[in-house]
Amino acid sequence: MSGPSGGAGTRATGLRSTGAPFVPFGRKLPGAGLRSVISACAERRRLARSHRTERPGGPTHRVACSALARHSAGMCGRARLSTDASEIKLIFSIPPHRPTPNFAPTWNLAPTDPLPIVRFDAHRGERSLDVMRWGLVPYWASDIKIGYSTFNAKAEGLDARPAFREPFRRRRCLVPLDGFYEWKKLGDKRQPYAVALADRRLMAVAGLWDSWRSPQGERLRSFTIITTKPNELLAPLHDRMPVILDPRHWPAWLGEEAADPAQLRTLLAPYPADDMAIWPVGPRVGNVKNNDPSLIEPVAAPA
DNA sequence: CCAGACGTTGTT
DNA sequence: GTCTGG
DNA sequence: CCAGACGTTGTT
DNA sequence: GTCTGG
């Protein structure tokens with residue numbers, strides 16, 4: 001409702017000790033009245049959302065994209081990078097005199113976490129390595145929270161979406177990863193898998209970046225990981241996978257070589273299944289507070 | 001024209 | 001159920 | 001991506 | 001900033 005706020009400190013007063021108990025969200029309630037109120041609110045929000053994407057009369061381009069997206073969702077939301085910065089610079093041919101950013105090795109990288117990414121500094125004609133936040137916040141955004149839902153960008157229609165169109169043209173980057181995780185649905189359970197290149201080399205994932213200025217005037221640079229259809233190895237786990245780029249395509253993607261959007265789009269294809277490896281891992285990776293090399297230790301294959 | 005979204009995931 | 005935080 | 005939080009009223 | 005919806 002639209003009543004007054006109740007003043008500062010309301011939330012800090014804690015739970016009330018008498019009267020109706022706090023109503024858990026999404027749970028069955030003893031009284032039908034309150035449930036119906038909450039259900040109505042949820043339903044209203046759900047309708048508002050579907051109204052945006054499933055408008056029945058004459059689908060627009062955006063609606064068509066969203067409808068397509070509904071059954072081919074994106075996915076790459078947890079990753080790892082324990083290779084140190086100096087080695088990353090060697091692998092990506094970043095000149096030694098360029099800054100070597102500090103970052104902690106991670107076996108459980110999540111959206112909003114910082115990660116070093118590779119760009120082409122056209123002014124100097126060199127590649128660079130800079131730490132950015134995972135979850136692209138467009139420069140026009142009013143709220144950083146949009147980054148919670150822009151950690152992936154679907155390759156299909158990149159040049160049509162407001163959040164990614166300009167980054168796709170001018171702000172492409174490579175995201176160095178040792179690998180990432182996928183959760184496979186098994187009935188009502190979810191089994192995490194580690195994913196890597198077959199030879200365990202560092203992988204270069206296609207990304208986009210942007211620079212955002214917060215209301216307080218601070219600059220935030222952030223990036224997203226592009227997803228595409230899965231190869232035969234990953235298809236049993238999920239219906240999307242991140243775009244991994246072969247080194248021979250790095251110059252075009254980084255903008256060191258001229259490439260038109262059509263050429264760039266052809267690069268956004270599933271990586272060969274024969275060059276990748278997957279194995280099931282334990283459930284501890286689900287909690288971002290766990291972060292150590294044991295997270296990628298193989299466990300017995302699920303039934 | 002202005003107001004408001006702009007994204008992905010998840011589910012059956 | 002939906003959203004935020006990590 | 002998953003884990004975990006999530007609210008209002010009234011009164012002083 | 002740019003696009004869609006009204």
Side-chain angles (χ1 to χ4, degrees), chain A residues 1 3-7 9-11 13-29 34-35 37-46 48-53 55 57-66 69-80 106 108-114 133-154 157-167 180-185 188 190 192-193 195 208 210 212 224-227 237-240 242 283-291:
Chain A
M1 309 304 276
S5 70
T10 300
R11 292 182 64 181
T13 58
L15 296 177
R16 198 170 70 134
S17 58
T18 61
F22 171 65
V23 176
F25 291 76
R27 300 273 192 80
K28 296 257 199 263
L29 304 178
L34 194 44
R35 175 176 58 221
V37 168
I38 292 175
S39 300
C41 290
E43 181 70 2
R44 213 160 25 243
R45 284 193 297 272
R46 193 190 64 77
R49 255 195 325 283
S50 59
H51 188 67
R52 283 203 296 274
T53 55
R55 175 169 293 281
T60 62
H61 179 67
R62 185 185 301 194
V63 168
C65 285
S66 298
R70 211 141 40 83
H71 285 287
S72 59
M75 158 55 188
C76 178
R78 212 65 79 79
R80 59 184 185 278
T106 179
N108 205 347
L109 181 88
T112 71
D113 285 343
R133 172 184 156 118
W134 187 9
L136 187 148
V137 183
Y139 69 96
W140 43 256
S142 57
D143 193 332
I144 194 176
K145 289 193 189 71
I146 192 175
Y148 284 121
S149 52
T150 49
F151 57 85
N152 286 155
K154 292 169 62 63
L158 270 189
D159 41 12
R161 296 173 180 275
F164 302 131
R165 177 177 170 161
E166 203 55 28
F180 53 93
Y181 301 96
E182 301 276 15
W183 276 259
K184 181 181 186 177
K185 277 171 291 199
D188 56 352
R190 301 179 65 85
Y193 283 76
V195 185
L208 308 172
D210 208 339
W212 177 70
T224 187
I225 284 176
I226 299 175
T227 65
L237 304 186
H238 276 288
D239 54 4
R240 304 291 293 179
R284 292 177 60 245
V285 68
N287 193 322
V288 294
K289 289 174 182 167
N290 301 320
N291 194 338

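Every chain is numbered from 1 and lettered A, B, ... according to where its sequence line falls, protein lines coming before strand lines.
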Taking the side chain of [X] as its heavy atoms from C-beta onward, which of [options] lies nearest to it?
X        : options              : answer
A:Arg190 : B:dG7, B:dT8, D:dC2  : D:dC2
A:Arg165 : B:dG7, E:dC3, D:dC2  : E:dC3
A:Asn152 : D:dC2, B:dT8, B:dG7  : B:dT8
A:Asn287 : C:dG6, D:dA3, B:dT8  : D:dA3
A:Arg78  : E:dG1, C:dG6, B:dG10 : C:dG6
A:Ser149 : B:dT8, D:dC2, C:dG5  : B:dT8

Under 3.5 Å: donor-acceptor pair, side chain of [X], backbone of [Y]:
X        : Y        : result
A:Arg78  : A:Gly286 : yes
A:Asn291 : A:Thr106 : no
A:Trp183 : A:Tyr193 : no
A:Asn287 : A:Arg284 : no
A:Asn108 : A:Asn290 : yes
A:Thr224 : A:Leu208 : no

For [N], does OP1 or OP2 lie under 4.0 Å from any side-chain N or O of [X]?
X        : N      : result
A:Tyr148 : C:dG5  : yes
A:Arg161 : E:dT2  : no
A:Arg284 : D:dA3  : no
A:Lys185 : B:dT11 : yes

Using whole Å, report how far [atom1] of [X] lies from [atom2] of [N].
X        : N      : atom1 : atom2 : answer
A:Leu158 : E:dC3  : CG    : C1'   : 17 Å
A:Trp134 : B:dG7  : CH2   : C1'   : 15 Å
A:Asp113 : C:dG5  : CG    : C1'   : 10 Å
A:Asn290 : C:dG6  : CG    : P     : 15 Å
A:Asn291 : C:dG5  : CG    : P     : 20 Å
A:Asn108 : D:dA3  : CG    : P     : 10 Å
A:Trp183 : B:dT11 : CH2   : P     : 13 Å
A:Trp212 : B:dC6  : CH2   : P     : 18 Å

Using a heavy-atom cut-off of 4.0 Å across all strands, would you classify [X] as base, sugar-phosphate, or nothing?
X        : answer
A:Thr112 : base
A:Trp140 : base
A:Lys145 : sugar-phosphate
A:Phe180 : nothing
A:Ala163 : sugar-phosphate
A:Ala153 : sugar-phosphate

With rounding to whole Å, what would you report as the distance between [N] and [M] at their [atom1] atoms?
N      : M      : atom1 : value
B:dA3  : D:dT11 : C1'   : 41 Å
B:dG7  : E:dT2  : P     : 15 Å
D:dT9  : C:dC3  : C1'   : 24 Å
B:dG10 : D:dC2  : P     : 7 Å

Q. Paired with D:dC2: which nucleotide, if any, by Watson-Crick or G-U wobble criteria at under 3.5 Å for both distances?
A. C:dG5
Q: Just name whichever nucleotide pairs with B:dT8, Watson-Crick or G-U, keeping both distances under 3.5 Å, else none.
A: none
Q.
For a side-chain contact (heavy atoms from CB on, under 4.5 Å) check, start with the C-alpha distance between A:Phe180 and A:Ile225, then their side-chain angles and the critical distance, and finish with the verdict.
A. CA-CA 12 Å; A:Phe180 53 93; A:Ile225 284 176; over 6 Å; no
